[in-house]
Amino acid sequence: MAITPATPSLLNALHDEREGLRQFALRRLVHTGPQVIPYLIPLLKDPKEFTQETAAIAVATFGKAAIPYLLEAMVSRLRDRRAVRSTACR
């Protein structure tokens, strides 16, 4: 499992409007290794449920290696919520 010449194109494809291409990229990126986890985490909040599900499965395949990234995403989301509440109370 390593970064390949195709990896940058696959990472770019994660933002493509064509769902099929995004799904293909997600499935291929799993084979490059846990270094792609930070690129997969934002897809857990994708508006398309199928993309969320595929991203969750992809992240889960990395097991314990994904935990720090998932925790950071959760902490970041909590910080964002607190900032919004703080601003709204002013």
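Numbers here are sequence positions counted from 1.
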Residues at least two apart in sequence or cross-chain that pass salt bridge (Lys or Arg N to Asp or Glu O under 4.0 Å) with R28, listed by chain then number, are none
Path from [X] to [Y] over hydrophobic side-chain contacts below 4.5 Å:
X   : Y   : result
L11 : F24 : yes
L44 : L29 : yes
Y39 : L21 : no

For the atom pair [atom1] ([X]) and [atom2] ([Y]), what is the distance rounded to the nearest 0.5 Å?
X   : Y   : atom1 : atom2 : value
H15 : D46 : NE2   : CG    : 10.0 Å
Y69 : I37 : OH    : CD1   : 6.0 Å
E19 : F50 : CD    : CZ    : 7.0 Å

key: Note, Q52 side chain near K45 side chain (heavy atom, < 4.5 Å)   = no
Pair R18 + D16, salt bridge at N-O below 4.0 Å: yes
- Check: T54 side chain, T51 main-chain N or O, donor-acceptor pair, under 3.5 Å: no
Please report the shortest heavy-atom distance between [X] and [Y], naming the atom on each side.
X   : Y   : answer
R22 : L14 : NE-O, 3.0 Å
P42 : P38 : CD-O, 3.2 Å
K48 : E17 : NZ-O, 4.1 Å

Result for side chain to side chain contact (heavy atoms under 4.5 Å, CB included) between V59 and one of L26, V30, L40 points to L40
Apply side-chain contact (heavy atoms from CB on, under 4.5 Å) to residues L10 and V36 and explain how you reach the verdict. CA-CA 10 Å; L10 291 170; V36 299; over 6 Å; no
